[in-house]
K.L.:
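Take this structure, written in C-alpha cells, and hold onto it; I'll ask about it next.
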Amino acid sequence: MISKADSLHAISVFAQLPSATLEDIARVAVPRAYETGQTIIFEGDPCTAAYFVARGHARVARVSAGGREQVLARLGPGQSFNTVPLFQEDGVNRATVRAVDEVRLYAIAKKDLIALLRTNPKLGLALLRDFADRLDHLTDLVEDLSLRTVRGRLARFLLEQAETGAVSPRLTQAEIAARLGTVREMIGRTLGDLADDNLIRMDRDRIVLLDRQGLEHEVHG
Amino acid sequence: MNDWVLPQIDLDRCDRCGLCVHHCPTQAVEMGGRGPFIARSLDCTYCTDCEAMCPQVAIICPFEIVWVEREVSR
C-alpha cells in the first residue's frame, strides 16, 4: 500500500524534498475527493488551505461581473493551487476551482503550511520555484491576451491541444472561448475562417488540423 | 454507425424551455416527456446551434482536435 508520504512525493512541488520533510507534510495533509463538476473552492472565499492534486484534473477560472469566464489554468496530477493567497494577510481565494473529472487531492491548512515553512527551508525554496513557474505561465497568458489576435491565439491553442498525447481532449467552443479570453461566437467565426483558408477542416465533432506551417504562421504572424 | 456523434443533453440541467427544438435548423430535436432529445439523429449536422441557444448550458457539442494524419485512428 502506498503511504501518504509516497503519494506526496509524486506532487512536483514536493518531489525534491527529503523523506523527513515529506513525513512532516504527510502529518498535516488531509486527503479529499471530489466528483466531476464539483466545486473545490470559490473565488472570494477566505483562503483557508492550499491544495495539491494527486489524481484527476481541475479547472481554475475567474468570472467577470458580466458573467464572462476566463480559464487561468487546467491542473493535473502533481500540480497545486491556492498557494498564493496563503501568504497574504486575510487572503481570499483568487479563483474558483472545479473538478473536471474525479479528483483526489491533499489539502494543507494555512496555519500548518506556514508552520512547516518556518522549520523546512527546502519546502520554502520548492514553493518559490513553483511560484516562479506560475509567474511565467501568467506572463505568457498576459502576452497572449494583449499581443495576439483571437485567430493567433486559437491557432496556438489548436496546435497545443493536438499535441497532448494519444487521447485527444474533447472541448466545446464555449470551453475554448473561456480558455482564450473571448466569447463563443468569436471562436465559431474564427474556426470558420481558418477552415475557409484550408488550415483546418471542421469534420462533425472533429477539428482536423491540415496545415502545420500555416497555423504556426498565424501564431507568429 | 457507431461514430455518429450527437449533441449531449443533460436532462438534469434542462428546464425544457424548448429553444433547442425551435432553433434546430434541421428539425432534428424534439421535446419528449422528460425533455428534448435528438429524434432524427441522421438529420443532425452538429452545427452547435442547440448548444449556443441553451440558456441552461444543458447541451454540449464537444470537439476532438486532431492532426489530419491521425484522423484514421477512430
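Here is the naming used below: chain letters follow the sequence lines, and residue numbers restart at 1 for every chain.
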K.L.:
Checking R184(A) against chain B: side chain, backbone, both or neither under 4.5 Å from a heavy atom?
P.N.:
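Looking at R184(A), just its side chain touches chain B.
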K.L.:
Taking R13(B) for its side chain and Q56(B) for its backbone only, find out whether a donor-acceptor pair lies under 3.5 Å.
P.N.:
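Yes; at least one donor-acceptor contact below 3.5 Å.
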K.L.:
Checking F131(A) against F87(A) for the ring-ring contact (aromatic ring centres under 6.0 Å, His included) test, could you report, in this order, the C-alpha distance in whole Å, the side-chain angles of both residues, the deciding distance, and whether it holds?
P.N.:
CA-CA 12 Å; F131(A) 277 23; F87(A) 295 98; 5.8 Å; yes
K.L.:
Would you mind checking which part of C47(B) comes under 4.5 Å of any heavy atom in chain A, side chain (CB onward), backbone (N, CA, C, O), both or neither?
P.N.:
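Neither the backbone nor the side chain of C47(B) comes within 4.5 Å of chain A.
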K.L.:
Select one option (side chain, backbone, both, neither) describing which atoms of E175(A) are under 4.5 Å from chain B's heavy atoms.
P.N.:
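Interface part for E175(A): neither.
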K.L.:
Which atom names give the shortest non-hydrogen contact between H137(A) and L72(A), and what distance separates them?
P.N.:
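Nearest heavy atoms, H137(A) then L72(A): NE2-O, 2.8 Å.
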K.L.:
Within this structure, what is the CZ-CD1 distance for the pair R153(A) and I176(A), rounded to the nearest 0.5 Å?
P.N.:
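R153(A) CZ to I176(A) CD1: 13.0 Å, rounded to 0.5 Å.
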